[in-house]
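For reference, the structure discussed in these notes is given below.
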2 protein chains.
Amino acid sequence: MGMDERKFRILQAIIDDYILTAVPVGSRTISKKYDMGLSSATIRNEMSDLEELGYLDQPHVSAGRIPSAKAYRLYVDQLLHEGRLHSDSEAAVRAHFLGRMRQMEDVIDHAAQVLSSLTNYTAVVLPPTGPQPRIRTLQLVPVSSTAALVVIVTDSGIVRDTVIRVSDQLDSDTLYAISKSLTKELAGRTLQEAVEIFPQITARMQDNEGLLQGLGNFFQENSGAASHAHVAIGGRSNILNYPEYSDTEKARSFLSLMETRDKLASIIAQQGEMAFTVRIGPETGVPEMADCSIVTATYSTGHGQQGTIGVIGPTRMQYNRVLSILGTMGHQLSELFSDD
Amino acid sequence: MGMDERKFRILQAIIDDYILTAVPVGSRTISKKYDMGLSSATIRNEMSDLEELGYLDQPHVSAGRIPSAKAYRLYVDQLLHEGRLHSDSEAAVRAHFLGRMRQMEDVIDHAAQVLSSLTNYTAVVLPPTGPQPRIRTLQLVPVSSTAALVVIVTDSGIVRDTVIRVSDQLDSDTLYAISKSLTKELAGRTLQEAVEIFPQITARMQDNEGLLQGLGNFFQENSGAASHAHVAIGGRSNILNYPEYSDTEKARSFLSLMETRDKLASIIAQQGEMAFTVRIGPETGVPEMADCSIVTATYSTGHGQQGTIGVIGPTRMQYNRVLSILGTMGHQLSELFSDD
DNA sequence: AGTTAGCACTCGACCGAGGTGAGTGCTAAC
DNA sequence: GTTAGCACTCACCTCGGTCGAGTGCTAACT
């Protein structure tokens, strides 16, 4: 007994119906609602086969069937293979990005917001990370008599800043001079490299110890794995729209997972190069998400950096819609970042 | 029939018990658990009076009584009046702030986190706002050949920045020169004032039109009510710990309110000068929070700026604990910001 | 051989009856 | 003014019965 064309069509109908209704679907429903030209009895036989093949589960003997993770997997693979993602969502996404935003964080937050409101699921957006950005300019701005702001501009246009304390009294011009010489030394290097050669620089410029030490620390802190910094999450409570989470206990564990940004980031973070990832139920590897699916896509900044956007919802997710929206969103973000 | 001492003690016992158990409390419970030296019958009579006075509600005729909003109000006023907030929480709060943080946002986020985990309710922290900060320094940092970063340092040490596009090609030194002259013109003024006199400056410095226009926009955008910028929220899902929110529909509406930062900020934002505000049930003025209470406290930065921290929980909130924790947290934040 | 109709069977959902127990209000006695 | 006692109320639980959606199996039809 293999998986023939007809079985597949029936399976697809079952999945479609279940995605819509979240109710176990019976043979009669399929035979009537999706006119297959087959009687319910025949469907029943096929469903029995599909269950044996592992594509369907039966919550109890006299309920309909529901698709298994394996079924969704098949369904999604098909979608991805065919590549026919209907794209009426494109306009919607684009419309939301008309007023373009200044800051990275704004963009990230906004993207998560849009993504969740378009899909009605929970959305997560990770900022771009990638090869160590290279320093382009470093500048010190006086903040008070004992503090200065360090602004570092990198080749990907990303700006990092921090306030450091300087024990000495330094005026604006002196700081500018120091900035210029530091820029000369550091331009073109990564933060990692900056940490390495920093002792030499410190040796050469013996004055301004306090300042240099502060700078050293800053480099140190920021050179590590580009710190999963800001993770934007949107539509946290969307999950409650779906009956599978009407159980409060489930909802609780899901929502508290959503609160721990770090964990979430590591779950979402894309490994590999794929345009899309779809992890279904147990494939997520997270017990709290045993009946969730995670769909992610990547975007890139045109400076070799990559970011991830993702949607989390019940396994009976509208994969078609979600994939298409993620695709569009990915494009938009890539465009937005690459000419910025 | 008035409110005598004994009635008050009974009411207090009822509130305490209800806060703990969330179950309507009956006369027998009070007479046994809180030994008043009175029989259940007597308590019953008193409770009947208290109900008539509007301090107790009876969900149905044969259940116990639950405290009304009016009762909580009385209870809280008493707490605030007596001022005896037990302070074993002080150490806990302090412990969480040992590693002090660099950036405003980090502090805010962390504070919300701590506050929610200490209270087990949902916590909200608003960044300090206050009288228009005055410009101390303005500096332009080149980002690319067509963009520059504007950094503005204000007297409260707060740094605002944005990237603006400059149509002209400007090198670092030129930008520095412009920065210096702009700083001279603008130092000591508020952003509001900067907007007003900006046309004159533009007229005087006719070159660099693109740049000046970008700057103008930036001032304009930031001069408004100090933009409820970053609102930190912690323990969103804590509300689900409490049986009054085991109804999914209620939880949903609560959580989606928590998602709209702006709205939340305006709800929490403290009017008036009071150290503490307690709004109970309908007093919140938000229908979604008909059976929530909001407790807020303020902290200040020592530069005339004030921020708000708040806790949102069910009306049967542990007011005592919450008030004391908020108080301590407020102090810690004030200290942290004032010498920064 | 595949398809279909028919039928017995299963099992969750829904409904109403009855029992249980916490809690009240009232009355009468202390 | 306080207390004991008692009848009464009402949410909640459990139990049995009915209903209906859905299945699996068998036998007949194409």
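Naming: A, B, ... by sequence-line order, numbering from 1 per chain. Computed from heavy atoms alone, side chains included, the values below leave out hydrogens, waters and symmetry copies.
- Among the nucleotides D:dT23, D:dA11, D:dT3, the one closest to any side-chain atom of A:R65 is D:dT23.
- In this structure, NZ of B:K32 is placed 13 Å from P of D:dA4, rounded to the nearest angstrom.
- Relative to the side chain of B:T29, the nucleotides D:dG24, C:dG25, C:dG23 differ in distance, and C:dG23 lies closest.
- Listed nucleotides D:dG24, C:dT4, C:dT24 differ in distance to A:A41; the shortest reach to its side chain belongs to C:dT4.
- Judged by closest nucleotide on DNA chain D, B:S39 is the one of A:P24 and B:S39 placed further toward the 5' end.
- The base-pairing partner of C:dG21, taking Watson-Crick or G-U wobble contacts with both distances under 3.5 Å, is D:dC10.
- Pair check for C:dG12 finds D:dC19; Watson-Crick or G-U wobble, both atom distances under 3.5 Å.
- For the pair B:R6 and B:V61, nearest-nucleotide mapping onto DNA chain D gives the more 5' position to B:R6.
- Note: CG (B:L56) to P (C:dG25) measures 11 Å, nearest angstrom.
- Here the P atom of nucleotide D:dT23 and the NE2 atom of A:H60 are 10 Å apart, to the nearest Å.
- Summarising the geometry, atom CG belonging to B:L79 is positioned 10.5 Å from atom CZ belonging to B:F276; distances are rounded to the nearest 0.5 Å.
- Within the structure, every side-chain polar atom (N or O) of B:T42 is placed at least 4.0 Å from both OP1 and OP2 of D:dT2.
- Look at CD on B:Q58: it is 8 Å from C1' on C:dG23, rounded to the nearest Å.
- No side-chain donor-acceptor contact under 3.5 Å links A:S31 and A:S39.
- One can place CD1 of B:I43 at 16 Å from P of D:dG1, the figure rounded to the nearest angstrom.
- Neither OP1 nor OP2 of D:dC10 sits under 4.0 Å from any side-chain N or O of B:S62.
- Partner of B:M317 under the side chain to side chain contact (heavy atoms under 4.5 Å, CB included) criterion, out of B:V278, B:I280, B:V311, B:L323: B:V311 alone.
- Rounded to whole Å, atom C1' of D:dT2 lies 12 Å from atom CD1 of B:I10.
- Between the side chains of A:D16 and A:Y34, no donor-acceptor pair is found at a separation under 3.5 Å.
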| remark: Contact string for nucleotides 13-20 of chain C, one letter per nucleotide 5' to 3', B = base within protein heavy-atom range under 4.0 Å, S = sugar-phosphate only, - = neither, reads --------

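- For the side chain to side chain contact (heavy atoms under 4.5 Å, CB included) criterion with A:I312, the lone passing option out of A:I239, A:V295, A:I268 is A:I268.
- The distance from atom CG of A:D49 to atom P of D:dG24 is 10 Å, rounded to the nearest whole Å.
- With rounding to the nearest 0.5 angstrom, the OG atom of B:S116 is 10.0 Å from the CZ atom of B:R236.
- Side-chain atoms of B:R44 and base atoms of C:dG25 include a donor and an acceptor less than 3.5 Å apart.
- Backbone-only contact: A:S27 has heavy atoms under 4.0 Å from sugar-phosphate atoms and none from a base.
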